[in-house]
There are 2 protein chains.
Amino acid sequence: MSEVTRPTLSDALTERMLELIRKGGHRPGDRLPSTRELSQRFAVTTPTLREALRRLEATGAIELRHGSGIYVGAAIERLVLPNPNMREVHAAQLVELLGARIVIEPPLAAMAAQNAEGEELAVLKGVLDRACRHLRGDDAELHEANMSFHRATARMAGNSVLHEVVDSLLLVHGPEQREILQIFDDRRRDYEEHLAILEAIEARDAAQAEERMRAHLVEVRTVIEHRLHPPG
Amino acid sequence: MSEVTRPTLSDALTERMLELIRKGGHRPGDRLPSTRELSQRFAVTTPTLREALRRLEATGAIELRHGSGIYVGAAIERLVLPNPNMREVHAAQLVELLGARIVIEPPLAAMAAQNAEGEELAVLKGVLDRACRHLRGDDAELHEANMSFHRATARMAGNSVLHEVVDSLLLVHGPEQREILQIFDDRRRDYEEHLAILEAIEARDAAQAEERMRAHLVEVRTVIEHRLHPPG
DNA sequence: CATATCAAGTGATCTAATCACTTATTCCCA
DNA sequence: TGGGAATAAGTGATTAGATCACTTGATATG
């Protein structure tokens, strides 16, 4: 959807800076090299480097103190949330991410059930149809459709703040994570669980919608945990 | 805590740009003036302007398309969430923001009750003590302490993603909002409700902690609604 | 009519120098 | 000897204008 334009120099710089901080073992509060040194090391000029720094600053990854230096921000060891420019997540954070979704999304499913109206309900059905058509075939499309189901449900709930929060959380579930997020190696499974949730929403059964969404996410988390730490 | 350094030129630029977009009636997808024109209008040089643009880009407020132009992003009409550089929220969004907190924070209170341990419990108590000392006196301090209580509770829950989400949401409850967030014009009220929540957490009574947190936030929202739309 | 070419407009980057601020040291005076 | 003021080094902030790279719509060409 995005990423229509070729990655620019400063795009790459932003990621190299992040890498420098993370792989350099820097902790929040640590001081980083000066702008002069960084621009030399990365072989770019000051203004270009600064653009990358400003982006990192905007997300809380670093902090620029005039006359003092560049410092690692608190957000660096947390999840870098809603930055379209650097969707990155460590595997270990996936479990916590699912934990967050388990708290937030079930109530949203309940709210969606209460608001269930013609138009938005149609959107939700459309998303599931799309997933159904890719049940055997394009992996990336199927994954995208599955994620869209969660986004659409959050949207139906009618609270724009929560909608944005869920969007942010799902942002890190990029295509590269589709394997680990696939339940039980069964492509059909995700779809059927989503379908069950839709039915509850359509029936305006808030309690059931909430419970099915929760069960669904808990199951996903369980699978992920097993894959990260195989039993035995 | 932050904001130790004087606002820089590019800080101001970022806000002026936001103002230009918002008050200019621009919608997502609209094209903004070119970098050359913007730098002239604001009387700054290209690199300085670009730093401001990169910050706005990082939060999704705008989009820079090489060779094409600068476009308004989708995030511009939503809440600008976790950007330490521009904490801004429209009054009407407060109600929705509270709605989001009502969904997220009560379960966190329950999780905090389950994790209740010595050290973090002490932190929570310390926060309430600080609030107590400012019950009559420094308004800003009292407000900050009240917000810290919610942050600390979220932290106790033990999920860093949710902790970050709550931090982001509370970020917009800056000092300038302390009046509207004050329950019933009674400075003591907030403190006492927080105290009740703490007691439930301390007693490891998850259900009660959750319910008290929910009741507390619902009450705050109700008050805010009444202030925004006085009955009659 | 469709395709290829081109030119204007726009963002991206470079260059290198100067300004403004912080910090720790030093020095002086009490 | 202690405390505070001047100071110098280091660092981020900003300036200036030119050049490169890309997009897009108009124009020309088959």
Side-chain angles (χ1 to χ4, degrees), chain A residues 1-17 20-21 24 26 28-73 76 84-86, chain B residues 1-17 20-21 24 26 29-73 84-86:
Chain A
M1 46 187 83
S2 66
E3 299 302 321
V4 291
T5 59
R6 169 118 43 98
T8 179
L9 213 184
S10 128
D11 286 338
L13 249 191
T14 309
E15 300 198 5
R16 290 181 69 186
M17 272 297 301
L20 179 147
I21 300 171
H26 292 290
D30 285 2
R31 196 174 126 179
L32 298 172
S34 70
T35 55
R36 288 160 177 82
E37 184 176 339
L38 287 174
S39 59
Q40 276 197 16
R41 184 182 309 190
F42 292 129
V44 296
T45 56
T46 305
T48 307
L49 173 75
R50 292 192 123 263
E51 289 186 28
L53 294 181
R54 285 300 187 197
R55 287 209 276 222
L56 292 168
E57 181 202 29
T59 63
I62 65 173
E63 198 178 328
L64 302 175
R65 295 187 205 150
H66 191 174
S68 175
I70 307 170
Y71 298 83
V72 177
I76 195 62
N85 300 305
M86 36 184 168
Chain B
M1 50 183 80
S2 66
E3 298 302 323
V4 292
T5 57
R6 169 117 44 97
T8 177
L9 211 183
S10 127
D11 285 339
L13 249 190
T14 308
E15 301 198 5
R16 292 181 67 187
M17 274 296 301
L20 179 147
I21 299 172
H26 292 291
D30 285 1
R31 195 174 127 180
L32 298 172
S34 70
T35 54
R36 287 160 177 82
E37 185 176 338
L38 286 173
S39 59
Q40 275 198 17
R41 183 182 309 190
F42 293 129
V44 296
T45 56
T46 304
T48 306
L49 174 75
R50 292 192 123 265
E51 289 186 28
L53 294 180
R54 285 302 188 196
R55 289 207 275 220
L56 291 168
E57 181 202 29
T59 63
I62 65 173
E63 199 179 326
L64 303 175
R65 296 188 204 148
H66 190 173
S68 175
I70 307 170
Y71 298 83
V72 177
N85 300 306
M86 34 183 169

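Residue numbers start from 1 in every chain, and the chains themselves are labelled A, B, ... in the order their sequence lines are given, proteins ahead of strands.
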Who are the side-chain contact (heavy atoms from CB on, under 4.5 Å) partners of A/R36, not counting sequence neighbours?
-> A/S34
Residues that B/R31 engages under side-chain contact (heavy atoms from CB on, under 4.5 Å), provided they are two or more places apart = B/Y71
Would you mind reading off the distance between [X] atom [atom1] and [N] atom [atom2], rounded to a whole angstrom?
X	N	atom1	atom2	result
B/E57	C/dG11	CD	P	12 Å
A/Q40	D/dT11	CD	C1'	14 Å
A/R65	D/dT11	CZ	C1'	13 Å
B/E63	C/dG11	CD	P	13 Å
A/L53	D/dT11	CG	P	14 Å
A/E51	C/dG11	CD	C1'	10 Å
A/L13	C/dT13	CG	P	8 Å

Using atom names, set out every protein N or O paired with an N or O of nucleotides 16-20 of chain C below 3.5 Å, distance rounded to 0.1 Å.
residue, atom, partner, partner atom, Å
C/dA20, N3, A/H66, NE2, 3.3

Can you see if the side chain of [X] gets near the phosphate of [N] - specifically, an N or O under 4.0 Å from OP1 or OP2?
X	N	result
A/R31	D/dT11	yes
B/T35	C/dT10	no
B/T8	D/dT14	yes
A/S68	C/dC21	no
B/T45	D/dG17	no

State which residues pass side chain to side chain donor-acceptor pair (under 3.5 Å) with B/T45; sequence neighbours excluded, sorted by chain then number.
->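 In terms of side chain to side chain donor-acceptor pair (under 3.5 Å), with neighbours along the sequence ignored, B/T45 is linked to B/T48.
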Non-neighbouring partners of A/R16 that pass side chain to side chain donor-acceptor pair (under 3.5 Å), sequence neighbours left out | none
Got a second to check how far A/L53's CG is from B/E51's CD, nearest 0.5 Å?
-> 8.5 Å
Using the closest heavy atom to pick a nucleotide of DNA chain C for each, name whichever of A/L49 or A/Y71 lands nearer the 5' end.
->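 Nearest nucleotide further toward 5': that of A/L49.
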Nearest to side-chain heavy atoms of B/S34, which nucleotide of D/dG12, C/dG11, C/dT13 |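 Between D/dG12, C/dG11, C/dT13, the one nearest the side chain of B/S34 would be C/dG11.
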Could you tell me whether a side-chain N or O of A/R55 sits under 3.5 Å from a main-chain N or O of B/L56, the two making a donor and an acceptor?
-> no
